[in-house]
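Here is the structure we will look at.
All figures in this text were calculated on a predicted structure; none of them were measured in a lab.
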Amino acid sequence: MIMSRIEAPRDEVTGNLVDRLLSDLPAEAVLADPDVTVSYANDMASFCPAGTPAVVVLPRTVEQVQHVMRIATELRVPVVPQGARTGLSGAANASDGCIVLSLTKMDRILEINPVDRIAVVEPGVVNATLSRAVNELGLYYPPDPSSWEMCTIGGNIGTASGGLCCVKYGVTAEYVLGLDVVLADGRLMSTGRRTAKGVAGYDMTRLFVGSEGSLGIVVQATLALRPKPPEQLVLAAEFASGAAACDAVCRIMEGGHVPSLLELMDRTTVKAVNDLAHMGLPETTEALLLAAFDTTDPAADLAAVGALCEAAGASQVVPADDPAESELLLQARRLSLTALEAVKGTTMIDDVCVPRSRLGELLEGTERIAEKHRLTIGVVAHAGDGNTHPTVCFDAADPDESRCARESFDEIMALGLELGGTITGEHGVGVLKKEWLAREIGPVGVEMQRAVKGVFDPLGILNPGKLF
């Protein structure tokens, strides 16, 4: 429902805020009906508190975003920027009385330049939309989160998201060349460059990537592109243990191979995918490893990797014959988190990243934690870069299961730190991992990060309560 100046009753504070916003925004851009605004309260994370927004604004222009921030600064109203709300850390959750600034209507691809190999986009552009647009010109935008059909570039930048291809191509941060950012007081700041190289001053662009909207509102991004690679071929290898599969990962990376994808699914995940989609994956396996190459001779690369898998104890190695069969295997991997959610109805998706050499220890430790709490925990992993997603399946209506789910989630993060890892490889901190960020970076690190935020957001109105 669209809220205008005269619709629906409002309290005095909210009414004044709405009226001030409508002074330079079209009525359709301002939503204040509580039945509507509540649907913008949270992202997809469990156990993350969310407040009640006073109003939701859907701007279409940079000037409209600037207007919102000027009003927010003047009235001291918190602002929570949002994309598609596919995040898994509560980073997009509303706070009480805030302005939710949804950037999904700013969804234009402004430029694709094949010579400079860049794309200039607004934050609401969906990842898959950009990927397909540049593919038509023989180019490639590598970052591909599992939610790529829904998630937006602005959200990807806010959480520094990754994806399946990170083992070869890297994460979002490596493709953001420059940004236009509206600051807390409404000023517009440009960072970075369009050029292939540039080292002028501090790297302010990287500072905003992963900042979860706590330093400014990204309204435009200049992104690096690559030449479109050949279609990849995928190999599936079955293992009798997670340790053997992780040994194969180590052998592949130590051997100097550069797969475009190296993913692991444990037996719990394989069964969940089969139950959901009847894909015929081998449920007798304890771990299924998927390796892909997009080189000029992928079959030869797969053969070499297949031999390494067999040396590590693979019971069966099956290379795909063509891209269609490869895509079917990748679809099974992309369904993993959806399938695990169907096991009990609710999931807590961890995001621990460890050195590749410690990956097997993390899997073994997660299995012990699952047994201790008598929970189903499926593990799916970007094995090639050590980024794991232990996914706790539980019944949210059962208080004991919910408590155990939270405890097991924390124990997995503690294990990751013990193994020399990090609490988040690509999902961000948000609300869910605030306490764990402080443990990872220490008190001096927290102090310095808070000091940086104070420079950009002295009133503390930008996405308050997130990160720390």
Side-chain angles (χ1 to χ4, degrees), residues 164 166-168 232-274 279-293 295 298-321 325-326 328-330 332-333 336 339-340 352-371 376-391 412 415-416 418-421:
L164 275 64
C166 295
V167 62
K168 179 174 182 177
Q232 63 184 357
L233 288 181
V234 179
L235 168 151
E238 301 176 39
F239 292 88
S241 70
C246 293
D247 180 34
V249 171
C250 293
R251 291 171 185 252
I252 292 166
M253 302 310 293
E254 185 179 18
H257 298 282
V258 187
S260 55
L261 172 149
L262 191 55
E263 299 286 306
L264 183 147
M265 300 163 64
D266 73 351
R267 67 177 184 278
T268 300
T269 306
V270 169
K271 183 179 185 305
V273 171
N274 277 342
M279 300 195 74
L281 298 176
E283 293 189 14
T284 55
T285 184
E286 290 294 307
L288 185 67
L289 190 66
L290 303 178
F293 284 88
T295 54
D301 290 310
L302 289 183
V305 164
L308 291 175
C309 288
E310 290 173 345
S315 57
Q316 189 171 6
V317 176
V318 181
D321 292 327
E325 188 178 353
S326 296
L328 187 64
L329 289 169
L330 295 185
R333 165 60 185 88
S336 294
L340 288 167
V352 171
C353 189
V354 297
R356 299 183 191 100
S357 58
R358 312 297 297 274
L359 186 60
E361 295 172 74
L362 184 70
L363 264 63
E364 291 173 355
T366 299
E367 188 171 351
R368 290 194 299 270
I369 291 168
E371 291 173 355
T376 297
I377 302 180
V379 179
V380 60
H382 308 306
D385 50 25
N387 192 183
T388 68
H389 298 306
T391 302
I412 292 168
L415 175 62
E418 290 171 11
L419 295 174

Taking all heavy atoms of [X] and all of [Y], pick out the closest pair and write down the distance.
X	Y	answer
Leu233	Ser326	CA-OG, 3.4 Å
Cys250	Ser357	SG-CA, 4.1 Å
Val352	Gly416	CG1-CA, 3.5 Å
Met265	Val380	CG-CG2, 4.1 Å
Gly378	Leu340	CA-CD2, 4.1 Å
Leu264	Ala383	CB-CB, 4.0 Å

Just wondering, do [Y] and [X] contact through their side chains at under 4.5 Å, heavy atoms?
X	Y	value
Val354	Glu361	no
Asp266	Glu367	no
Ile412	Thr388	no
Arg251	Asp247	yes
Leu362	Leu415	yes
Val167	Met253	yes

Between atom [atom1] of [X] and atom [atom2] of [Y], what is the distance when rounded to the nearest 0.5 Å?
X	Y	atom1	atom2	result
Arg333	Leu328	CZ	CG	15.0 Å
Glu254	Ile252	CD	CD1	11.5 Å
Asn274	Thr269	CG	OG1	11.0 Å
Leu363	Cys246	CG	SG	4.5 Å
Glu263	Asp385	CD	CG	8.0 Å

Side-chain donor/acceptor of Arg356 to backbone N/O of Gly384, under 3.5 Å:
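Yes: the side chain of Arg356 pairs with the backbone of Gly384.
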
*Look at the side chain of Ser260 and the backbone N and O of Ala292, then say whether any donor-acceptor pair between them is shorter than 3.5 Å.*
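Confirmed, Ser260 side chain pairs with Ala292 backbone.
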
Worksheet item: Is the number of heavy atoms from other residues, nucleotides or ligands under 6.0 Å of Lys168 NZ greater than 12?
Response: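 Yes.
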
- prompt: With a cut-off of 6.0 Å (strictly less than), are more than 12 heavy atoms of other residues, nucleotides or ligands near CD of Glu283?
  reply: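 Buried by this count: over 12 neighbours within 6.0 Å.
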
Suppose we screen for ring pair (Phe, Tyr, Trp, His ring centres under 6.0 Å). Which residues come up paired with His382, at least two apart in sequence or across chains?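 Once residues adjacent in sequence are excluded, the partners of His382 under the ring pair (Phe, Tyr, Trp, His ring centres under 6.0 Å) criterion are His389.
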
Show me the side-chain donor-acceptor pairs of residues 301-318 shorter than 3.5 Å, one per line, residues at least two apart or across chains.
unit_1 : atom_1 : unit_2 : atom_2 : d
Asp301 : OD2    : Thr295 : OG1    : 2.5
Ser315 : OG     : Glu238 : O      : 3.4

Can Gln232 and Leu330 be said to form a side chain to side chain contact (heavy atoms under 4.5 Å, CB included), step by step?
CA-CA 11 Å; Gln232 63 184 357; Leu330 295 185; 3.1 Å; yes

